[in-house]
Asker: 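Below you will find the structure I want to go over with you.
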Amino acid sequence: MSDSYSEAAAAGPEHGGSVSHVVPMKVLIAVWAALLVLTILTVAAIKVDLGSLNLWIAMAIATLKASLVVLYFMHMRYDRPFNAIVFVTALLFVMLFVSIAMLDSKAYEPELVPGYAPGMPK
Amino acid sequence: MSAEHHDAHLAHHFDTPIQQLESGKLGMWIFLSTEILLFGGLFCAYAVYRSNHPEIFVYAHRFLDTRLGAINTVILIGSSFTMAWAVRCAQLGKQKALVVLLGVTILCACGFLGIKAVEYEHKWKDGLLWGKRYKAKTEHGAHAPAAKAKGLLPPTAKVNPEVKSLIPLPAEAPHGLAAPGHAARAEHAAMEAPKNVQTFFSIYFLMTGLHGIHVIAGMVVLSWMLLRAIRGEFGPAYYTPVDLAGLYWHVVDLIWIYLFPLLYLIH
Amino acid sequence: MEATSFEAVTPLPPSENALGRDNYLSRTHGLRSWLFTLDHKRIAIMYLVSILASFFLGGVSALLIRTELLGPHKTIMDAKTYNQMFTLHGAVMIFLFIIPGIPAALGNFVLPMMLGAKDVAFPRLNLASYYLWVIGALFAVLSIVLGGVDTGWTFYTPYSTTTNSNVVLLTFGAFILGFSSIFTGMNFIVSIHKLRPKGMTWFKMPLFLWGLYGTAILQVIATPVLAITLLLLIMERALGVGIFDPALGGDPVLYQHFFWFYSHPAVYIMILPAMGIISEVVSVFSRKHIFGYRMIALSSIAIAILSFLVWGHHMFVSGQSNLAGLIFSFLTFMVAIPSAIKVFNWLATMYKGSIWLATPMIYVLSFLVLFGIGGLTGLFLGALAVNVHLHDTYFVVAHFHYVMFGGTMIGFLAGLHYWWPKMFGRMYNERMAQITAILVFIGFNTTFFVQFVAGSKGMPRRSFNYLPEFRIYNQISTIGSYLLGLAFVMMAVYLVRSLISGKPAPANPWGSATLEWQTASPPPTENFAHSPEAGDPYDVEAWTWDEKIGGYVKSGGTVTSGATVPTVGTAGA
Amino acid sequence: MPGLNLLHLLYLLQLGAAAIADGDDFFMPAAGSTSAPGVDRIFHFILAVSVFFFLLIVGLMALFVAKYRRRPGVAPLPSPTHNTALEVTWTAIPIAIVLVIFVWGFRVFLDMSTPPANSYEIIVTGQKWKWLFSYPNGTVDENLHVPVDRPVRLVMTSEDVIHGFFIPDFRLKHDVVPGRYSKVWFRAVKAGEHQIYCTQYCGTGHSEMLAKVVVHEPGGFEKWLADAGNFLKKMPPAQAGEKLYRIRGCAQCHSLDGAGSTGPTFKGVWGRKEALKGGASVLVDENYVRESILEPQAKVVAGFEPVMPTYKGRLTDQEITALIEFMKTVK
Ligand code: HEA
Ligand code: HEA
Ligand code: CUA
Ligand SMILES: [Cu+2]
């Protein structure tokens, strides 16, 4: 059970007897910089009109950023794979939920009375 | 190798500190997964309304201040960075740096909330609020939303001659029936306020509000960590709490990474 | 926690009865030693008492419902009260009783012991989960005291956002209960992953643990969605955000997607642990190795995963699209298959066994019949065209009572009677228990079978009044519910008597091979003197009856001290 | 081949199901629409499958209990702990059966939800706690009148919360949701009456939200419709007023028995001195009632919210007169 940690420990250069991976400073700074650049990129990308592609680009960049955070800031790269499975499973279930709800609401949309909201104040 | 150090923190039902640390981590990851699913509900509401009513989102997102949103994004990313750094310091036993970094992280959180408060206040002033409270001032170009119509379907509906259907004539129908078709609606969005703009603001406040609550919870946890760090409880032999608090804080950041483009950057 | 150092305790021979000596009940005394305990066994007992109280509350409201339905018009209460009554009944039974029931009460007690561990992975979280349950229950009770809620347990919008009853209190209670459930689930997943003893690989785990593991997955993944749903509902009422309220531009059918995304998996949160119990009991009382271990274990996980994909079968006539109906109907049928597999495996376990009709086994037989009917009627509901006719009629009411009462509740009773000697160190009156089990079976069928007929003839559920043509069905049903009430009174009597003056129980009265039976009854606080080595959990034939101690001892094995065990029976009154 | 045998068995079961379908049997009410027999056939097929498996399970169980009952000194017989062939079989057979049920159920469902062209269309409005049916000529009725043997399409919506429209004899049900149009159709097979229920829980009066389907003989429907369309002329004004009171939603807010509700009760309202918001008071007479209906917010009764909708343009003069005559009679 402890094998993976002793390996991880051995991998960490500045390691001082701890059981978990210590992320090198260089990596942390690089990730931070990348996140900032990607943020600028998202804001810039929206300025270009690409129709519905804009949404997908924004989501792709966000996912890239999120992966960086998860992999390095949250140590998932060095962690037990099962923790990653747990997290990814959660994401999959969110996607499942969102996509079926979207699929269905899209399909019944024509039956709705457009703009119906009688309870809103004038 | 330093089993004696661990022992003070080793609960009686674990055999080894590693087992305990791993259990804590797994537990935290499971908890984070539940957080993702919690937000998942709101993302679902967002996705459903956005895909069915893009015009509302295109129209209403302009009332959000992209600049402030972007600044907040940078702040949160920065706090994530200092947090990750803090964990590193705890692992390496750099006591002072740990305290400073935790402090900076908390300050970033305060900054984030401060800016959020400014944004909320603007919305409040302009009546750009959720659901029933939505009452946009006309100078912002937002018309009052759908008028109130009681007695929705008058019992005496007449046959609609155009489509040979009993679905009532627009004039008699619930308010909004007369609205143009789906495709046309998106076109119009640029010019005038579409129906049900309040939906956007409901979602905006729900998502940012729930996220804000998580930021506050994170600040409480981090303050506690700061206190314990000042007392010198953490070191290479024992830093699990900092590590777990860090994981939580990163998830708060993670969610904002998605909220920012979804709410502020709509095309 | 009640800190006695462990070294101070002299370990007991594991097969002994520990009443009157050191055990988890006697280690420390006083209310505080219970309220602040971190011992999973004491938390389990607190949970057990609490959920039984909830069951009593839910049961009494059920009897009131049934009494009202004796006649087609008003008998004992008005329509508003009736509506509050079935909401109370449903919400209490679901959120307070049956979802925490098996995992938090029985599971908490035996899970660490089955793992040969001292406790669950996070004892503090375990206690927190209990107190969250208490707070949630208080909110639920408060909502009743302050005038009740009349929405049904499903809280459908826009009714729930417009009715003037205490919806916020009850939904907030359910919200908190959700977190209680999440914490239990987290704890169990981590415990099963990290605390398994040497030698216990995944496929050497007792099937009850597989059941709890599947349940825990569901609790962790589905419950947060309930939390956000209820939060949105509270926001709708409190602030008028209107995501689900058509009057504010929202979509009420979307609410139903949210609600059932949790609440369908929730029905498997209820049934999976019960199926786990059945798997344990059927093997022990057939004195045979379980048949098809792998299939039973894997089918639990298959049910857990598939159950996320069928929520729309509650919405076939809600205005959901035909495409969604198609997908959900198909997957509904697929999720029935793993249940079928389990049923056949249990039957095969009995084949060529040596079937011992003790109380837990009677409940198993009862389970097979009742869950069989309940599950098979699920097939009617899953078929689109037939669902159109049956939806929201008493057919559905009968279906879910057959699976929830006939499945989960009966499974719970099987487990309660099975682990009772371990929990309290005393036996109950076997004859009384057998008679009661049979009375429960008869009373239950009398209550609910006629509801299938009433339902398919068209009687809508949640009906205060009904047309005279349904009178006969309702009267039979009401009589049945009184029989059930009688059965539970009898159960309460013999269980309380057992606590006071029951025969002291041996460590292993049934001859089970799982680890929790390899320590004294009741167990010491730290569960085991020495961490036991895990073997095949279904090697029941290795345990033989020892007349001297009135219990089972491991024969031919090397571990237990069958011969050196003193006669039990002196301890206790 | 076992597969073939299984198909044979299914076919036999299906024949059996067909034989007992369409009847007022133990479970199902008598079929009243063209789609009912199709539903009943599936129902009985699933019933047959269920009975088969139920008997199989209970039978085996009873057999095992009897045969392998624990006896002193008799050890359990050796038997395998798994058997792959057996396990695959009892997985595959149920899969095959449920697939049949699934496909069949979906196909009949599609037929049931696709209305034929040229269906006769009626608007259904659900509100707490009554159904209203509006016909093409403007007639509104509390019961659903339809011609026999002609496809009828219902376009349904709700004024408040979700209701459930259910005609058991037609095997027809659909939720009626505010803010959307739900569409269903049926074709009644013979003249007679059928019960309508509300199946979606909608509050205190949910179980009394009943109505009837009246299936008219050929030709009878047109006659009924023409008559119902001019009830104002046929009925005495007070009686017509009562009908209007019921079908125009006044009953939603005004009781006749003095019970409190959203609006003031009509009991004894005529000739009453009504205190108004702001201190003034007014005598309830023809003019005031007429004003209250056309411009409800002009004078608001003390203790009530100004929530009554205007009926300007929605009630004719003649109708208002009838309502007034009716109000006079409510003592
Ligand atoms: C413990 C809880 C539990 C369990 C286990 C189940 C199990 C199943 N349920 Fe049930 N259900 C509920 C609790 C449960 N349900 C509740 C509470 C509601 C109503 C909620 C409300 O509206 O208030 C409901 C409602 C409900 C509906 C919606 C009805 C409606 O409102 O219109 C449907 C529709 O498909 C359904 C289907 C099924 C199916 C197919 C199974 C299957 O999993 C059953 C599988 C089991 C078997 C099939 C039997 C064993 C196998 C054999 C005997 C072998 C032979 C088998 C075959 C040939 C396949 N259920
Ligand atoms: C675990 C879940 C569970 C359990 C165990 C039960 C148990 C019972 N239920 Fe319940 N029921 C639900 C879950 C459950 N129910 C749900 C979710 C609903 C839907 C609610 C909704 O529509 O929103 C429902 C709805 C429901 C209805 C339909 C109401 C309606 O639609 O109008 C009915 C009607 O007969 C009913 C009856 C019963 C009966 C007679 C029992 C019996 O089995 C109860 C037996 C127990 C006892 C009898 C208590 C023990 C009593 C004693 C120990 C002593 C008695 C002594 C005195 C009275 C002094 N239930
Ligand atoms: Cu209308 Cu129930
Ligand atoms: Cu379900």
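Residue numbers begin at 1 in each chain, while the letters A, B, ... track the order of the sequences.
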Asker: Is it the side chain or the backbone of Asn527(C) that comes within 4.5 Å of chain B heavy atoms, both, or neither?
Answerer: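 Interface part for Asn527(C): neither.
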Asker: Just verifying a value: how many Å separate Trp130(B) CH2 and Leu248(C) CG, rounded to the nearest 0.5 Å?
Answerer: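 That separation rounds to 13.0 Å.
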Asker: Closest heavy-atom contact between Ile228(C) and Gly41(B)?
Answerer: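 That closest heavy-atom pairing would be CG2-CA, 3.8 Å.
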Asker: Under a 4.5 Å cut-off applied to non-hydrogen side-chain atoms, are Leu195(C) and Gln19(B) in contact?
Answerer: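 Yes; the side chains approach each other to less than 4.5 Å.
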Asker: Do Val220(C) and Phe31(B) make a side-chain contact, defined as non-hydrogen atoms from C-beta onward lying under 4.5 Å apart?
Answerer: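 No - every pair of side-chain heavy atoms lies 4.5 Å or more apart.
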Asker: Quick check on Trp224(B): does its CH2 atom have over 12 non-hydrogen neighbours (other residues, nucleotides or ligands) under 6.0 Å away?
Answerer: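 Result for CH2/Trp224(B): open.
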Asker: If you round to the nearest 0.5 Å, how far is CZ of Phe122(C) from OG of Ser23(B)?
Answerer: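 It comes to 5.5 Å.
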Asker: With a 4.5 angstrom heavy-atom cut-off, could you sort out which part of Ala121(C) is near chain B: side chain, backbone, both or neither?
Answerer: both
Asker: Report, by ascending residue number, the residues of residues 199-213 of chain B in heavy-atom contact with chain C at a distance under 4.5 Å; give 'none' if the set is empty.
Answerer: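 Checking residues 199-213 of chain B against chain C gives Thr199(B), Ser202(B), Ile203(B), Leu206(B), Leu210(B).
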Asker: List the steps, then state whether side-chain contact (heavy atoms from CB on, under 4.5 Å) holds for Thr34(B) with Thr223(C).
Answerer: CA-CA 8 Å; Thr34(B) 68; Thr223(C) 319; over 6 Å; no
Asker: To the nearest 0.5 Å, how far apart are OG in Ser33(B) and CD1 in Ile217(C)?
Answerer: 11.5 Å
Asker: Is Leu254(C) in contact with chain B via its backbone, its side chain, both, or neither, using a 4.5 Å heavy-atom distance?
Answerer: side chain
Asker: Which bit of Leu232(C) is near chain B, if near means a heavy-atom gap under 4.5 Å: side chain, backbone, both or neither?
Answerer: side chain
Asker: State the CG-CG distance between Leu226(C) and Leu38(B), to the nearest 0.5 angstrom.
Answerer: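 So the gap between those two atoms works out to 10.5 Å.
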Asker: Just how far is it from atom CG of Leu42(B) to atom CD1 of Ile243(C), taken to the nearest 0.5 Å?
Answerer: 8.0 Å
Asker: Could you state the interatomic distance from NZ (Lys194(C)) to CD1 (Ile18(B)), rounded to the nearest 0.5 Å?
Answerer: 11.0 Å
